[in-house]
Amino acid sequence: MDRARHVYQRLLGHYGPQHWWPAETAFEAIVGALLMQQTSWRNVEVAIRNLRRAGLLDVRALAEAPVPVIRRHVRIAGLYRTKPARVRAFCRHLLDRCDGDLARYFGRPTDVVRADLLAQDGVGPETADSILLYAGGHPVFVVDAYTERIGTRIGLFRTREYRAIQNFFEQHVPRELATYQEYHALLVRHAKTLCRRTNPVCEECPIRSLCDFGRRRKR
DNA sequence: TTCCCGACTG
DNA sequence: CAGTCTGGAA
């Protein structure tokens, strides 16, 4: 069996399904991705909750809201000098690109949507792919710091280049939306609970037998 | 003090 | 490639 698939099976068996964003709305996934950078997800959840409570969790509402108002609600997510304006600018873009119709926005070839996302302020490779995968239903493999850490520790690859890592997974894991969504969620879960940057808990790791780092590490 | 599911600028 | 940006939790 392919190692990348084997890792997936073991993580899924150990942690179980993570049931992420698809349960929520596509728009929430977009806002979450834009606010997530360099912040704990806990704070992003609070920010989204604040927006919803204020009736601002909507394309038009956010597009029209003054930046200071948006800032008041998302301040907890940090980087308040950039994120609020980026969220509003992105919503304005959605309005004049597809009249705020997300199905229409995402209803184009993956590469086209990805290029459009990357052209937006504050949207880099990870944010773009995260939006594609969890809001747009496009089967692209999301790469983040956790993916890189786990992948290099295990010895799946050595590169640190975004596209190279992404290609690795997309060539070894069947291109299925649900699988890609679940795999990324599992990597995040694994990186936070056991495969931490410092003090990893290799003794309890479900993929230790597949891991170059874990096998060599003493208890 | 460090770190958190990055992106941008110089 | 390195510095910078943010607040909050540990």
Side-chain angles (χ1 to χ4, degrees), chain A residues 7-8 11-12 15 17-24 26 28-51 67-91 93 114-136 138-154 156 159-166 168-170 173 179-201:
Chain A
V7 166
Y8 175 69
L11 291 178
L12 184 59
Y15 296 107
Q18 300 300 298
H19 56 77
W20 260 21
W21 284 334
E24 307 169 25
E28 274 184 54
I30 291 175
V31 176
L34 292 172
L35 294 178
M36 189 259 322
Q37 302 163 192
Q38 192 58 22
T39 305
S40 65
W41 180 246
R42 173 190 304 272
N43 290 345
V44 174
E45 284 183 305
V46 175
I48 290 180
R49 211 175 306 144
N50 291 343
L51 289 174
V67 172
V69 171
I70 300 175
R71 175 176 300 133
R72 191 181 311 145
H73 295 101
V74 306
R75 176 177 283 274
I76 191 173
L79 300 177
Y80 63 80
R81 278 191 267 190
T82 56
K83 286 179 179 177
R86 287 171 175 178
V87 167
R88 190 175 77 155
F90 192 91
C91 288
H93 176 67
R114 190 172 199 271
D116 185 89
L117 287 168
L118 288 174
Q120 306 314 308
D121 185 28
V123 180
E126 184 191 333
T127 304
D129 289 335
S130 181
I131 290 174
L132 280 168
L133 182 66
Y134 291 106
H138 286 259
V140 295
F141 204 94
V142 175
V143 177
D144 61 4
Y146 293 160
T147 311
E148 180 193 324
R149 183 167 80 222
I150 295 173
T152 53
R153 270 187 186 168
I154 293 177
L156 290 179
T159 179
R160 274 192 257 177
E161 191 190 336
Y162 189 96
R163 281 295 203 169
I165 296 175
Q166 181 176 54
F168 172 84
F169 283 102
E170 295 191 351
V173 182
T179 304
Y180 281 16
Q181 291 178 332
E182 193 60 53
Y183 204 152
H184 176 64
L186 285 167
L187 287 173
V188 171
R189 176 66 185 279
H190 184 52
K192 295 175 89 136
T193 55
L194 298 179
C195 200
R196 303 186 292 238
R197 193 166 73 81
T198 57
N199 304 320
V201 190

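Every chain is numbered from 1 and lettered A, B, ... according to where its sequence line falls, protein lines coming before strand lines.
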**Message:** Main chain of L186(A), side chain of Q18(A): is a donor-acceptor contact present, judged purely on distance under 3.5 Å?
**Reply:** no
**Prompt:** G124(A) near the nucleic acid: base, sugar-phosphate alone, or nothing, with a heavy-atom cut-off under 4.0 Å?
**Reply:** sugar-phosphate
**Side chain of T39(A) (C-beta onward), nearest among dT2(B), dT6(C), dA7(B)** = dT6(C)
**Request:** Check every atom of dC3(B), dA7(B), dT6(C) against the side chain of R197(A) and return the nucleotide holding the closest atom.
**Result:** dC3(B)
**Message:** Can you measure K83(A) atom NZ to dC8(B) atom P for me and round it to whole angstrom units?
**Reply:** 13 Å
**Asked** Looking for any heavy atom pair under 4.0 Å, which part of the strands does V123(A) touch: base, sugar-phosphate only, or nothing?
**Response** sugar-phosphate
**Asked** Rounding to a whole Å, what distance do you find between L35(A):CG and dA7(B):C1'?
**Response** 14 Å
**Request:** Name the orientation class of the two ring planes belonging to Y183(A) and F141(A) (parallel below 30°, tilted from 30 to 60°, perpendicular beyond 60°).
**Result:** perpendicular
**Message:** Can you see if the side chain of T127(A) gets near the phosphate of dA7(B) - specifically, an N or O under 4.0 Å from OP1 or OP2?
**Reply:** yes
**Request:** Measure from the side-chain N and O atoms of R149(A) to the backbone N and O of C195(A), and report whether any donor-acceptor pair falls under 3.5 Å.
**Result:** yes
**Item:** Separation of dC4(B) P from E126(A) CD (nearest whole Å)
**Value:** 13 Å
**Parallel, tilted or perpendicular: ring planes of Y134(A) versus H184(A), cut at 30 and 60 degrees** = tilted
**Asked** Looking across every strand, which nucleic acid part, if any, lies under 4.0 Å from R189(A) by heavy atom: base, sugar-phosphate, or nothing?
**Response** nothing
**Request:** Rounded off to whole Å, could you give me the CG-to-P distance for the N50(A) and dG8(C) pair?
**Result:** 11 Å
**Asked** Quick check: does any side chain N or O of Y15(A) sit under 3.5 Å from a backbone N or O of L187(A), one acting as donor and the other as acceptor?
**Response** no
**Prompt:** How close or far is atom P of dG6(B) from atom CH2 of W41(A), stated in whole angstroms?
**Reply:** 12 Å
**Prompt:** If you check the N43(A) side chain, which of dC8(B), dG7(C), dC4(B) turns out closest?
**Reply:** dG7(C)
**Message:** Rounding to an integer number of Å, can you tell me how far I165(A) CD1 sits from dG6(B) C1'?
**Reply:** 14 Å
**Fill in**
Whichever of S40(A) and Y162(A) has the more 5' nearest nucleotide on DNA chain B, that residue is S40(A)
**Request:** Starting from C1' on dG6(B), measure out to CZ on R81(A) and report it in whole angstrom.
**Result:** 17 Å
**Prompt:** What interatomic distance, in whole Å, is found between C1' of dC1(C) and the corresponding atom of dC4(B)?
**Reply:** 22 Å
**Message:** What's the gap between dG8(C) and dA7(B) when it is taken at their P atoms, as a whole Å value?
**Reply:** 23 Å
**Asked** Of the candidate nucleotides dA7(B), dC4(B), dT6(C), which contains the atom at the shortest distance from the side chain of L79(A)?
**Response** dT6(C)
**Complete:** In whole angstroms, the gap separating P of dG6(B) from CG of D144(A) amounts to 6 Å
**Complete:** The nucleotide from dT6(C), dT2(B), dA9(C) with an atom nearest the side chain of R42(A) is dA9(C)
